[in-house]
Chemist: 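Okay, here's the structure, questions in a sec.
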Amino acid sequence: MHGLIEALRNALPENAVLAAPADRQPYETDWRHIHAHPALCVVLPKTTAEVAEIVTLCAAHGARLVPQGGNTGLVAGGVPVPAAPQVVLSLKRMNKILGLDPTADTITVQAGVTLQAVQEAAAAAHRLFPVSFGAEGTAQIGGAISTNAGGIQVLAYGSMRAMVLGLEVVLPDGQVWNGLRALRKDNTGFDLKQLFIGGEGTLGIITAACLRLFPAVASHATALIGVPALAAALDTFQALRAAAGASLTMCEFIDAPALELGVAHLPGARLPFTAPGYLLVELSAHAPDEDIAGRLETVLAGLLETGAAGDVIVAQSERERTELIRLRDAVPEGELAAGGALKHDIAVPIGAIPATVAAIEALIARDFPDCRPNIFGHVGDGNLHVNIRPPQGQSLADLNTRKAAITEAVEALAVTQGGSFSAEHGIGQMRLAGMAAHKAPLELELMRRLKTAFDPQNLLSPGKMLPP
């Protein structure tokens, strides 16, 4: 493959091809440091034309491509697999905001722009880009679209799929599909962009996107609520939804062990009170005269009176609001700093959340009694992050002989409850067993037909999403 590296260097600007092991290493290892496999080289294009040239050259030399965004994914979807020669294509230099239209409420960006940069550009125009999660400072738009990322405001606004109006995509043969349209209605045949949203880079490489914006939020009412049990958390969610309707934009459940990890990771942070579990909730007003604070206080007063909620703290300033949200966002990094966990990203019908969590806790206590579950997630959309930590004093590697059995059992429980084994993290190379076990054979066959039609050489994202 030496000829390919030389061809890439001749086609791209200086320093756009990294071949030395030390230069490649950050791009070869996933965020959780579980998968690390060598790449032939790393390429860093700045334009769509350069991406198309890279794809064309790799196809001609029989090398496979691994598109990579911010590399913050949790299923190792953006790093190489142990297979044939692979080139990592990092989009991080494609980081331009191409346009913002406040009349149409749209923003058009290159794929390497971070979520935070989109949020800040929207705010500067008095608009809102609502997709938000802990890694938004490094996660990139292309990666978020290719995994259909969610976050803490899916309840009100939807996942990335709901944000995308148009895409520009480089196809596996090097052609560029320009679907970068800003239309809210376009009923002209198959909606091709939907194939690439959640496609994890298996059908094409997203190079730019036109995204929806929303009116800026006039005010927030944010609270951390202690709950005695998950059933009480669901009751709280239902009471808030009944009182606030679409104004309820966040409802996050975090069990006590998980939130304690987040607190431990943030210097100077502390829990305002202790409880078996916590709900982080937020109401958002778009109209300046909407009394969401009063609405929240009325609901909380009723919950405190019935015992559905224990202690409550309501943010009195933007600083306090930010601190409460940071506690939730710090949970994954706190968990990683404490040694990591077997991570599971499941979704079940909202009403089945308490029964599902109880069944998982009973399963771990019965079959893996020395392991420690941490459970948190998005109550409003049924998405739970079920993380199983190793026994006290052991490392995550000590769970290697049991991790397949644990994951199989947790995912099967979710499916039994009418749910999914993957809600927002995607499949990557770490959820292939779940795909093989729980996807209907016809669904897998249809997905393979699409892959073959778009990418007959299996050039893009080898070993991802589709089980062998």
Side-chain angles (χ1 to χ4, degrees), residues 32 34-35 73-77 147-148 150 154 159 198 200 229-231 233-234 253-255 257-258 277 332 335 340-391 394 396-448 463-468:
R32 295 169 62 196
I34 294 175
H35 289 267
L74 298 175
V75 292
T147 56
N148 190 29
V154 167
S159 62
E200 299 190 30
L230 192 47
L234 194 58
F253 172 76
I254 316 107
D255 69 8
E335 184 180 76
L342 294 180
K343 302 185 78 68
H344 309 89
D345 169 49
I346 66 172
V348 296
I350 295 171
I353 290 174
T356 302
V357 172
I360 290 171
E361 291 176 337
L363 164 77
I364 298 301
R366 182 187 69 242
D367 296 343
F368 311 98
D370 50 351
C371 294
R372 298 168 290 167
N374 280 338
I375 300 174
F376 59 96
H378 319 295
V379 170
D381 57 33
N383 178 195
L384 294 171
H385 303 302
V386 179
N387 303 321
I388 310 301
R389 298 177 68 200
Q394 295 187 26
L396 189 57
D398 295 322
L399 279 184
N400 278 343
T401 58
R402 294 186 285 172
K403 67 180 183 180
I406 293 172
T407 295
E408 182 180 341
V410 170
E411 292 181 352
L413 272 174
V415 173
T416 300
Q417 293 286 348
S420 170
F421 64 93
S422 179
E424 64 179 1
H425 292 169
I427 305 302
Q429 56 184 296
M430 296 180 69
R431 292 286 175 262
L432 294 174
M435 285 288 278
H438 301 299
K439 272 291 186 183
L442 179 57
E443 288 182 283
L444 289 173
E445 173 59 24
L446 292 173
M447 292 170 71
R448 290 189 178 105
K464 315 287 173 54
M465 196 168 77
L466 287 171

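Index from 1, following the sequence. Just so it is clear, the values below take in all heavy atoms, side chains as well, and ignore hydrogens, waters and symmetry mates. Note that the structure is a prediction, hence the values are computed from the model and not measured.
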Chemist: Supply the atom-to-atom distance S159 OG to N148 CG, rounded to the nearest 0.5 angstrom.
Modeler: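 It comes to 3.5 Å.
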Chemist: Looking at Q429 and G463, would you say the former's side chain and the latter's main chain have a donor-acceptor pair under 3.5 Å?
Modeler: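 The answer is no, because no donor-acceptor pair under 3.5 Å joins these two groups.
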Chemist: For residues C371 and P373, report the shortest heavy-atom separation together with the two atoms involved.
Modeler: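 For C371 versus P373, the nearest heavy atoms are O-CD, 3.7 Å.
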Chemist: Quick one: which residue pairs count as a salt bridge (charged side-chain N to carboxylate O under 4.0 Å, His left out) with a foot in residues 382-391, not counting sequence neighbours?
Modeler: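 Every candidate salt bridge (charged side-chain N to carboxylate O under 4.0 Å, His left out) pair involving residues 382-391 fails, so no pair, neighbours aside, qualifies.
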Chemist: What's the shortest heavy-atom distance between G340 and P390, and which atoms?
Modeler: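 G340 and P390 have their closest heavy atoms at O-CD, 3.6 Å.
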Chemist: Measuring from atom CD of E445 to atom CG of L442, what distance do you get when rounded to the nearest 0.5 angstrom?
Modeler: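 Rounded to the nearest 0.5 Å, the CD-CG separation comes out at 7.5 Å.
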Chemist: To the nearest 0.5 angstrom, please state how far the CD atom of E411 sits from the OG1 atom of T416.
Modeler: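 The CD atom of E411 sits 11.5 Å away from the OG1 atom of T416.
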Chemist: Could you tell me whether a side-chain N or O of R431 sits under 3.5 Å from a main-chain N or O of G426, the two making a donor and an acceptor?
Modeler: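 It does not hold such a pair.
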Chemist: How many angstroms lie between CD1 in I364 and CG in L342, if you round to the nearest 0.5 Å?
Modeler: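 Spacing of CD1 (I364) from CG (L342) equals 9.0 Å.
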Chemist: Show the nearest heavy-atom pair for residues S420 and A414, with the distance to one decimal.
Modeler: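 Shortest heavy-atom contact: O-CB, 3.8 Å.
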Chemist: Who are the side-chain hydrogen bond (donor to acceptor under 3.5 Å, both in side chains) partners of R402, not counting sequence neighbours?
Modeler: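 Once residues adjacent in sequence are excluded, the partners of R402 under the side-chain hydrogen bond (donor to acceptor under 3.5 Å, both in side chains) criterion are D370.
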Chemist: When the side chains of residues 345-356 are checked against the rest of the protein, which donor-acceptor pairs come out under 3.5 Å, sequence neighbours left out?
Modeler:
| from | atom 1 | to | atom 2 | distance (Å) |
| --- | --- | --- | --- | --- |
| D345 | OD1 | N383 | ND2 | 2.9 |
| D345 | OD1 | H385 | ND1 | 3.4 |
| D345 | OD2 | A423 | N | 2.8 |
| D345 | OD2 | E424 | N | 2.6 |
| D345 | OD2 | H425 | N | 2.7 |
| T356 | OG1 | A352 | O | 2.7 |

Chemist: Please enumerate all residues that pass side chain to side chain contact (heavy atoms under 4.5 Å, CB included) together with E361, with sequence neighbours excluded.
Modeler: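 E361 satisfies side chain to side chain contact (heavy atoms under 4.5 Å, CB included) with V357, I375 only.
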Chemist: For E335, check side-chain hydrogen bond (donor to acceptor under 3.5 Å, both in side chains) against everything at least two apart and list the hits.
Modeler: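 Counting only residues at least two positions away or on another chain, E335 forms a side-chain hydrogen bond (donor to acceptor under 3.5 Å, both in side chains) with K343, N387.
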Chemist: Does I406 reach the side chain of F368, with side-chain heavy atoms less than 4.5 Å apart?
Modeler: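 Yes. Closest side-chain heavy atoms under 4.5 Å.
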Chemist: Using the side chain to side chain contact (heavy atoms under 4.5 Å, CB included) criterion, which residues pair with K439? Sequence neighbours excluded.
Modeler: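 Result, side chain to side chain contact (heavy atoms under 4.5 Å, CB included) vs K439: M435, E443, L444.
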Chemist: How would you list, by chain and number, every residue that makes a side-chain hydrogen bond (donor to acceptor under 3.5 Å, both in side chains) with H438, sequence neighbours excluded?
Modeler: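 For H438 there are no side-chain hydrogen bond (donor to acceptor under 3.5 Å, both in side chains) partners, ignoring immediate neighbours.
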Chemist: Testing the basics here: between F253 and G277, what is the closest heavy-atom pair and its distance to 0.1 Å?
Modeler: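 Nearest heavy atoms, F253 then G277: CE1-CA, 4.1 Å.
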Chemist: Kindly write out the residues that satisfy salt bridge (charged side-chain N to carboxylate O under 4.0 Å, His left out) with E200, not counting sequence neighbours, or none if the list is empty.
Modeler: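 With neighbours one apart ignored, the set is empty.
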Chemist: Name all residues meeting the side chain to side chain contact (heavy atoms under 4.5 Å, CB included) criterion together with D398; count only those two or more places apart in sequence or in a different chain, and write none if there are none.
Modeler: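 In terms of side chain to side chain contact (heavy atoms under 4.5 Å, CB included), with neighbours along the sequence ignored, D398 is linked to Q394, S395.
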Chemist: Hey, what do you get for CD1 (I388) to CG (L396), rounding to the nearest 0.5 Å?
Modeler: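 I388 CD1 to L396 CG: 11.5 Å, rounded to 0.5 Å.
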Chemist: Looking at A341, is its backbone amide N or carbonyl O close enough to the side chain of R32 to form a donor-acceptor pair, meaning the two atoms are under 3.5 Å apart?
Modeler: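 Yes: the side chain of R32 pairs with the backbone of A341.
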Chemist: Considering residues at least two apart in sequence or located in another chain, which fulfil the ring-ring contact (aromatic ring centres under 6.0 Å, His included) criterion with H344?
Modeler: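 With neighbours one apart ignored, the set is empty.
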Chemist: List for me each residue that meets side-chain hydrogen bond (donor to acceptor under 3.5 Å, both in side chains) alongside D255, sequence neighbours excluded, and say none if there are none.
Modeler: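 Per chain and number, D255 pairs via side-chain hydrogen bond (donor to acceptor under 3.5 Å, both in side chains) with no residue.
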Chemist: Minimum heavy-atom separation for A258 and N374, please, with both atom names.
Modeler: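 Taking A258 first and N374 second, the nearest heavy atoms are N-OD1, 3.5 Å.
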